[in-house]
Amino acid sequence: MNSLQVVSLTLLLAAAASAQGLKLGKCPQPAVQANFDAARYLGKWYGIQKLPTTFQKGQCSTAVYTLKSPGVIGVLNSELRDDGTISSTEGTATVKDPAEPAKLEVSFSKDSPPGPYWVLSTDYQGHTLVYSCREVGLFHRELAWIMSREPTLPEATVQELRSILSSVGVHVDNLQDSGCNLMQLCAK
């Protein structure tokens, strides 16, 4: 390779690494929730903070989890769009290895491969922290969600969950509030 090609490739790699959600290297392997109990996890969760995504642009996001069969959880994600409409999508989350039930794979379409959905921390009644990472060539793309059983979450809990993400290398400064300013709309 000549020096111009090396410089061009270096600049391309640097630009790709700084793109939203892409980081150089392999996905980290954070610890997940010990003794995860899917039955206690079922029900409605409200989005509090998230890393930016291309598929979740609205506010007041919610996720409702239902048991479809052993090891298979139904997922209904909803959000309030800027035009005032509610957008929803359905999918399934599947436990791939019963020895690690907090590591699920979620799928919303038969046309796209399932993505990782790892529960890093939950108390089942108040908060959950979900992490996803997929490798793309020399890079990896991370997603993360802090969710709560209520439309708000104490700041101390948010900071504790952000600390978990930070400890595995997630840039928590990129987390966006995903809550709802109009609480009555979150209740829908």
Side-chain angles (χ1 to χ4, degrees), residues 15-23 27 41-66 68 73-94 104-122 124-136 139-166 168-188:
S18 67
Q20 178 180 317
L22 280 181
K23 293 169 67 177
C27 288
Y41 197 74
L42 303 178
K44 188 172 191 174
W45 292 94
Y46 293 89
I48 302 299
Q49 290 186 348
K50 65 177 181 171
L51 287 176
T53 69
T54 57
F55 54 87
Q56 247 182 341
K57 297 284 189 191
Q59 295 183 33
C60 193
S61 61
T62 60
V64 177
Y65 303 112
T66 56
K68 293 183 96 169
I73 297 171
V75 179
L76 175 62
N77 286 344
S78 300
E79 65 182 353
L80 177 64
R81 294 285 175 99
D82 289 341
D83 64 5
T85 61
I86 303 290
S87 173
S88 298
T89 185
E90 290 187 61
T92 56
T94 306
L104 298 107
E105 286 189 346
V106 67
S107 178
F108 290 97
S109 166
K110 292 177 181 169
D111 298 329
S112 63
Y117 181 102
W118 291 10
V119 180
L120 301 188
S121 175
T122 187
Y124 302 102
Q125 305 162 59
H127 74 268
T128 189
L129 174 60
V130 176
Y131 177 77
S132 178
C133 187
R134 186 173 288 180
E135 292 177 7
V136 183
F139 301 92
H140 64 275
R141 181 167 192 267
E142 299 177 312
L143 301 171
W145 296 267
I146 294 174
M147 297 185 288
S148 174
R149 292 289 189 183
E150 300 294 327
T152 61
L153 193 59
E155 186 59 29
T157 304
V158 171
Q159 291 308 315
E160 178 184 329
L161 298 173
R162 288 171 64 103
S163 177
I164 292 169
L165 289 172
S166 184
V168 297
V170 173
H171 295 290
V172 294
D173 292 342
N174 293 339
L175 287 169
Q176 302 173 333
D177 287 334
S178 56
C180 186
N181 294 332
L182 304 170
M183 292 303 167
Q184 68 274 18
L185 292 174
C186 279
K188 288 185 176 183

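FYI, side chains are in, hydrogens and waters are out, and symmetry mates aren't considered; it's all heavy atoms of this structure.
Here the closest heavy-atom approach between residue Ser112 and residue Ser107 is recorded as O-OG, 4.1 Å. Nearest approach of Ser166 to Val172, heavy atoms of both residues: N-CG1, 3.8 Å. Pairing each heavy atom of Glu150 with each of Ile48, the nearest pair is O-CD1, 4.0 Å. Of all non-hydrogen atoms in Gln49 and Ser178, the two that sit nearest each other are N-OG, 3.5 Å.
Two residues are said to be in side-chain contact when any heavy atoms from C-beta on lie closer than 4.5 Å; Phe108 and Val75 meet this criterion. At least one side-chain heavy atom of Leu51 sits less than 4.5 Å from a side-chain heavy atom of Leu175. Counting heavy atoms from C-beta outward, Val106 and Leu104 have side chains that stay 4.5 Å or more apart.
Side-chain atoms of Lys50 never come within 3.5 Å of backbone atoms of Ser61 as a donor-acceptor pair (strictly under, hydrogens ignored).
Atom CD1 of Ile73 is separated from atom OG1 of Thr66 by 8.5 Å, given to the nearest 0.5 angstrom. The distance from atom CG of Leu165 to atom CG of Asn174, rounded to the nearest 0.5 Å, is 11.5 Å. In this structure, CD on Gln59 lies 9.5 Å from CD on Glu79, to the nearest 0.5 angstrom. Taking CE from Met147 and OH from Tyr46, the interatomic distance works out to 13.0 Å, rounded to the nearest 0.5 Å. Rounding to the nearest 0.5 angstrom, the gap separating the OG1 atom in Thr92 from the OH atom in Tyr65 is 12.0 Å. Note that OG1 of Thr89 and CG of Leu76 are 8.0 Å apart. Values are rounded to the nearest 0.5 Å.
Within 6.0 Å of atom CG in Asp83, more than 12 heavy atoms from other residues, nucleotides or ligands are found, so the atom counts as buried in its surroundings.
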Let me have the donor-acceptor pairs involving side chains of residues 124-136, under 3.5 Å, with sequence neighbours excluded, atom names and distances please.
unit_1 : atom_1 : unit_2 : atom_2 : d
Tyr124 : OH     : Asp37  : N      : 2.9
His127 : ND1    : Asp123 : OD2    : 3.3
His127 : NE2    : Ser121 : OG     : 3.4
Thr128 : OG1    : Tyr41  : OH     : 3.0
Thr128 : OG1    : Ser121 : O      : 3.4
Tyr131 : OH     : Glu142 : OE2    : 2.6
Ser132 : OG     : Pro116 : O      : 2.7
Arg134 : NH2    : Pro114 : O      : 2.6
Glu135 : OE2    : Cys27  : N      : 3.0

